[in-house]
Amino acid sequence: MTRNGDRHSMLERVWLVLDAFRPSGGPLRLVDVAERCHLPKSTALRLLTDLGELGVVVRKENRYYLGRRLFELGSIVPLERDLRHAALPFMHDLYEATGATTHLAVRDGLDVVYVEKIQRHDSPSLPSAVGGRLPLTCTGVGKALLAHAEAELLEEVLRRPLRRLTPHSIVDAARLKDEIRRIRTAGLAYEREEAQLGNACIAAPIFRGDAVVAALSISAPAARFHPARLAAAVKTAALGVSRHCSSPI
């Protein structure tokens with residue numbers, strides 16, 4: 001019989017292998033997976049082979065990709081699925097009104113995870129990706145979520161070193177605390193070249209009842225970023241999603 005400790009260790013290794021595919025889902029070589037997971041190549045190969053037999057990982061020409069079965073499971077996660085369905089009409093309206101890339105994101109630990117993204121096919125590359133994650137403190141959606149979360153979360157964030165993605169990322173705890181206070185008052189969060197140079201965004205929280213469950217944002221080149229023109233549209237869209245989420249079924 002497999003001991004609990006061995007079983008947990010195997011589960012952790014399986015998760016390490018799957019998590020190695022962030023943010024693109026592949027392709028990865030065997031050596032890439034082994035290095036990212038700090039596993040021997042023989043162990044990584046065995047895990048990839050087992051996952052391939054389950055359809056969770058797909059191998060093509062000595063490269064590995066996440067399989068369709070993971071997509072099928074991910075698409076039925078209740079919170080993200082329901083949020084996405086509620087938010088999409090408002091996101092499309094917001095995109096049509098502003099022409100700016102529109103995001104929907106939720107919190108996972110000390111990161112944001114992007115649930116949906118609407119953009120032009122020729123839009124500049126952004127660090128956000130559906131299913132990808134970025135630090136709470138470097139993104140508009142992250143700061144909107146952090147500002148309206150429980151006080152314990154902010155305290156935990158402030159106790160840790162703040163992550164720097166660009167020279168403009170906020171890494172001073174006192175400065176972040178002041179900004180969070182302003183976000184709570186205004187109901188809007190701003191990010192100016194803190195996640196990527198040359199890009200800025202404005203975000204608003206989405207609530208289910210009294211609890212913040214997600215955030216909505218639009219991103220645009222910093223040189224053409226006019227928050228005074230965009231703030232009302234973002235706030236209105238987030239409010240619409242909140243009302244939809246809070247409506248009885």
Self-check item: Residue list, ring pair (Phe, Tyr, Trp, His ring centres under 6.0 Å) with His148, at least two apart or on another chain
Solution: Phe207
Exercise. Under the side chain to side chain contact (heavy atoms under 4.5 Å, CB included) rule, collect the residues that match up with Asp19, sequence neighbours excluded.
Key: Trp15, Arg22
Practice problem: Quick one: list whatever passes salt bridge (Lys or Arg N to Asp or Glu O under 4.0 Å) with Glu116, sequence neighbours left out. | Solution: Arg84
Quiz prompt | With Glu150 via side chain to side chain contact (heavy atoms under 4.5 Å, CB included) - residues at least two apart | solution = Arg107, Glu152, Leu153
Quiz item: If you measure from CG on Leu30 to CZ on Arg63, what distance do you get to the nearest 0.5 Å?
Solution: 10.5 Å
Self-check item: Leu47 and Leu39, any side-chain heavy atoms less than 4.5 Å apart
Solution: yes
Ignoring hydrogens and angles, write down the donor-acceptor pairs under 3.5 Å from the side chains of residues 130-140, residues two or more places apart or on other chains.
unit_1: Arg133; atom_1: NH1; unit_2: Asp108; atom_2: OD2; d: 3.3
unit_1: Arg133; atom_1: NH1; unit_2: Asp111; atom_2: OD2; d: 3.2
unit_1: Arg133; atom_1: NH2; unit_2: Asp108; atom_2: OD2; d: 2.6
unit_1: Thr139; atom_1: OG1; unit_2: Pro135; atom_2: O; d: 3.3
unit_1: Thr139; atom_1: OG1; unit_2: Gly142; atom_2: N; d: 2.9

Practice problem: With sequence neighbours left out, write down each residue that passes side chain to side chain donor-acceptor pair (under 3.5 Å) with Lys117, or none if nothing qualifies. | Solution: Ser128
Exercise. Scan residues 32-53 for pairs that pass side-chain hydrogen bond (donor to acceptor under 3.5 Å, both in side chains), counting only residues two or more places apart or in two chains.
Key: Arg29-Asp32
Self-check item: Residues that Pro89 engages under side chain to side chain contact (heavy atoms under 4.5 Å, CB included), provided they are two or more places apart
Solution: none
Self-check item: Test item: Val157 and Leu176 side chains (from C-beta on) under 4.5 Å apart, heavy atoms
Solution: yes
Quiz item: Can you tell me if Glu12 uses its side chain to pair, donor with acceptor, with the backbone of Met10 under 3.5 Å?
Solution: no
Quiz prompt | Residues in side chain to side chain donor-acceptor pair (under 3.5 Å) contact with Asn62, at least two apart in sequence or another chain | solution = Arg59
Exercise. Identify whether Tyr64 and Val56 are in the same connected component of the hydrophobic contact network (ILVMFWY, side-chain heavy atoms under 4.5 Å).
Key: yes
Quiz item: Which atom names give the shortest non-hydrogen contact between Val141 and Ala105, and what distance separates them?
Solution: CG2-CB, 3.9 Å
Exercise. Mind checking side chain to side chain contact (heavy atoms under 4.5 Å, CB included) for Thr166 and listing every partner two or more places apart, or none if nothing turns up?
Key: His168, Ser169, Leu197
Quiz item: In Å and rounded to the nearest 0.5 Å, what is the CD1 to CZ distance from Ile202 to Arg192?
Solution: 8.5 Å
Distance-only donor-acceptor pairs under 3.5 Å for side chains of residues 212-233, two or more places apart:
unit_1: Ser217; atom_1: OG; unit_2: His103; atom_2: ND1; d: 3.4

Quiz item: Applying salt bridge (Lys or Arg N to Asp or Glu O under 4.0 Å), which residue pairs with at least one partner in residues 171-190 are found, sequence neighbours left out?
Solution: Lys143-Glu179, Asp178-Arg181
Self-check item: Contact check, side chains of Leu45 and Val33, non-hydrogen atoms, under 4.5 Å
Solution: no
Quiz item: Can you find a heavy atom in the side chain of Ile118 that is under 4.5 Å from one in the side chain of Leu88?
Solution: yes
Exercise. Mind listing the closest non-hydrogen atom pair of Tyr95 and Ala100 along with its distance?
Key: CD1-O, 3.3 Å
Quiz item: Taking the side chain from Glu191 and the backbone from Ala200, do they hold a donor-acceptor pair closer than 3.5 Å?
Solution: no
